[in-house]
Amino acid sequence: MHRPIALAALVAFACFFTGAARPERAAAPVSGGAWLSYGHDGQLTNFARTRGLTRATAHLLKQAWVKRLDGAVVASPLYASGITGVNRTTSLLLVATEGGTVYALRPRDGAPLWKRAFGVAASAACGNWGFSSTGAIDLRRRVLYVVSAQGFLHALDLRTGAERAGWPISITSDRVDAEYVWGGLRLVRDTLYVPVASYCDAAGSDGRFANGRLVAVDVVRRSEVAVFDPVPGENNLGGIWGWGGASVEPDGRALYTGVGNSRVYDRACDCFSDTAAYGDSVVKLTPGLKVVSWNRPKPFLATGDYDFGTAPLLFRPAGCPPLAAANSKLGTLYIWNRNRLGDGPRFRGALGDGVTAFVGQPSYSPSLRTIYESHVLITRRGKKVGDGIAAFSARPHCRFHLRWRTSIGVGNQPPPLVVGDVVFGSGGDNGGYAALDARNGRVLWRFRTAAATISPVIAAGGRIFAADYGGALHAFAVASRK
């Protein structure tokens with residue numbers, strides 16, 4: 001049961017960091033013509049540039065086409081370019097649904113190129129599920145990796161959708177009614193990282209709980225090569241269920257993940273502890289999944305649903321050391337020096353109401369030195385007026401301050417998409433999309449939908465792609481001026 005935390009309003013706050021004044025540079029940035037995994041890059045910035053789209057032209061966005069799919073969309077769409085042999089097309093838009101189907105569509109008009117139906121799985125306590133996890137595109141091998149609700153990791157040929165030889169391999173198929181993959185898959189060279197959690201912390205049909213873990217799969221040998229078990233042993237939760245799964249250093253030498261609550265009996269309190277081992281912590285790992293350092297921010301109660309529903313965002317504004325930012329489920333933003341993770345967060349701030357489950361993922365603009373958060377509680381005169389986006393900028397000496405906040409809906413909202421000087425947000429339970437001026441939060445454009453909008457919005461190939469809970473996939477483009 002949640003313990004309410006009073007929050008009258010968001011306020012400006014600051015924090016001081018020390019470190020070298022050198023911004024971070026990704027070793028292999030993702031091009032603007034691709035969106036290969038959750039968060040756009042391995043640092044989960046959700047930042048991209050699209051030709052012709054600026055805060056001066058955002059009001060000209062129009063729906064170019066809409067495609068009806070077979071189920072709700074929660075996972076992020078993906079985009080690959082330079083793919084030959086698919087009906088003469090060189091680009092693919094890939095979308096997976098809760099109906100259990102993976103679609104490959106032509107980005108310019110939504111025409112179907114191929115689709116694969118994998119069906120759904122049922123959890124007695126939590127309902128039916130298809131794809132909630134975002135897959136990963138392997139351009140080198142021309143493969144899309146996805147995990148079906150039946151617990152198998154598939155490798156689908158980007159050109160045809162056919163299963164590659166030697167695949168699929170099992171991840172959770174022996175516990176399919178208890179274990180589930182929520183988080184995005186992360187490909188680092190020849191290793192694919194797969195986060196495992198539960199559906200809703202409920203036991204399976206055998207009465208046993210999920211064993212949360214991060215699994216490393218060698219995609220060449222098609223086998224598990226390492227496992228990080230946050231709470232050693234079986235039947236004790238510790239799931240890695242944040243939408244981003246794991247983030248990775250630009251040089252690939254370390255990974256970061258957020259861990260959910262454990263379920264381990266503690267005689268001292270005659271209760272089941274949520275904080276056994278690495279429960280409710282942020283952890284830094286080697287590529288071989290050995291723990292480098294970790295932190296559970298204080299105070300953190302041993303019981304209650306306070307875990308991390310997000311993978312850390314990795315970023316480094318000029319004047320700062322390498323930083324990691326993540327949100328707790330009760331709506332607190334934490335920022336760590338990721339070279340000194342064990343020292344605890346150097347910055348924290350309230351984003352939610354402390355009662356409603358908060359699973360937002362922060363995004364980052366390196367050009368504006370600003371973090372953008374979604375699902376942020378927006379108040380006026382002490383009363384809630386909605387949920388929306390808040391921007392926190394890094395000033396000289398690495399002091400962060402609240403720059404603006406804007407209400408765009410109500411309820412769960414995916415991470416903001418940052419396209420140059422425009423921020424895209426989703427209305428969450430109320431549905432719809434909004435484009436905001438990244439510098440001041442002014443609304444530049446809105447689009448209504450009949451269904452909730454929980455899936456992340458992406459930008460690739462000169463367009464914005466967004467899918468809703470009613471199964472509608474939208475493509476938006478800037479209309480030419482007349």
Side-chain angles (χ1 to χ4, degrees), residues 7 10 38-40 44-47 72-77 98 132 134 182-184 241-244 258 308-311 313 325-333 349-365 370-379 384-392 402-419 422-438 441 443-459 464-470 472-474 476:
L7 179 64
L10 285 170
Y38 187 99
H40 190 229
L44 307 184
T45 64
N46 285 287
F47 176 83
V73 181
V74 172
S76 171
E98 290 291 345
S132 302
T134 300
W182 283 95
W241 63 274
W243 298 112
F308 286 93
T310 178
L313 160 72
N327 305 325
S328 73
K329 195 173 178 181
L330 284 184
T332 302
L333 166 66
L351 303 176
D353 60 10
V355 178
T356 305
F358 187 95
V359 293
Q361 171 85 41
S363 302
Y364 179 69
S365 167
T370 302
I371 288 179
Y372 297 93
E373 284 275 10
S374 59
H375 194 189
V376 173
L377 173 68
I378 309 295
T379 62
K384 178 175 179 175
V385 296
D387 295 304
I389 297 176
F392 301 91
L402 176 65
R403 190 164 185 171
W404 54 260
R405 61 181 187 266
T406 301
S407 176
I408 59 171
V410 173
N412 293 314
Q413 297 167 340
L417 164 67
V418 188
V419 182
V422 178
V423 175
F424 285 86
S426 301
D429 297 344
N430 277 6
Y433 304 101
L436 312 179
D437 187 323
V443 176
L444 305 172
W445 169 88
R446 285 188 183 271
F447 183 88
R448 294 182 179 179
T449 64
T453 46
I454 301 173
S455 169
V457 181
I458 71 167
I464 304 297
F465 299 100
D468 65 36
Y469 207 72
L473 173 63
H474 309 268
F476 301 104

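What you find for F358 and S374 is that their closest heavy atoms are CZ-O, 3.5 Å. Nearest approach of V410 to G386, heavy atoms of both residues: CG2-CA, 4.4 Å. Smallest separation of non-hydrogen atoms from A311 and G244: CB-C, 3.8 Å. The two atoms that bring E373 and N327 nearest to each other are OE2-OD1, 2.8 Å, heavy atoms only. The two residues D437 and W404 make their nearest non-hydrogen contact at O-CZ2, 3.8 Å. Closest approach of Y38 and L44 over heavy atoms only: O-CD2, 3.3 Å.
Side-chain atoms of P362 and T310, non-hydrogen and from C-beta on, do get closer than 4.5 Å to each other. At least one side-chain heavy atom of T45 sits less than 4.5 Å from a side-chain heavy atom of L313. Two residues are said to be in side-chain contact when any heavy atoms from C-beta on lie closer than 4.5 Å; I464 and V419 meet this criterion. When side chains are defined from C-beta on, D468 counts as touching H474, because their heavy atoms get closer than 4.5 Å. Taking the side chain as every heavy atom from C-beta outward, S132 and E98 approach each other to under 4.5 Å. Between I408 and Y433, the closest side-chain pair of non-hydrogen atoms is not below 4.5 Å. Within the 4.5 Å cutoff, the side chain of N412 has heavy atoms near those of the V359 side chain.
The CD1 atom of I389 lies 9.0 Å from the CD1 atom of I378; values are rounded to the nearest 0.5 Å. The CZ atom of F392 sits 11.5 Å away from atom OH of Y372, with the distance rounded to the nearest 0.5 Å. In this structure, CG in L333 is found 9.0 Å from OG in S328, a value given to the nearest 0.5 Å. For the atom pair T379 OG1 and R405 CZ, the distance stands at 5.5 Å (nearest 0.5 Å).
Partners of Q413 according to the side chain to side chain donor-acceptor pair (under 3.5 Å) rule, which considers only residues two or more places apart in sequence or in another chain, do not exist here. When the salt bridge (Lys or Arg N to Asp or Glu O under 4.0 Å) test is applied to D387, the partners found at least two apart in sequence or on another chain are K384. Take T406 and apply the side chain to side chain donor-acceptor pair (under 3.5 Å) test, not counting sequence neighbours, and it matches no residue. The side chain to side chain donor-acceptor pair (under 3.5 Å) test applied to S363 returns N46, not counting sequence neighbours. Annotation: ring pair (Phe, Tyr, Trp, His ring centres under 6.0 Å) contacts of W182 (sequence neighbours excluded): W129, Y180, W243.
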For a quick test of your reading: what N or O donor-acceptor pairs under 3.5 Å do the side chains of residues 447-458 make, sequence neighbours left out?
unit_1: T449; atom_1: OG1; unit_2: G432; atom_2: N; d: 2.8
unit_1: T449; atom_1: OG1; unit_2: A451; atom_2: O; d: 2.7
unit_1: T453; atom_1: OG1; unit_2: G427; atom_2: N; d: 3.2
unit_1: T453; atom_1: OG1; unit_2: G428; atom_2: N; d: 3.2
unit_1: T453; atom_1: OG1; unit_2: G432; atom_2: O; d: 3.1
unit_1: S455; atom_1: OG; unit_2: A75; atom_2: O; d: 2.7

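Between F424 and W445, the two ring planes are perpendicular [angle over 60°; tilted spans 30° to 60°].
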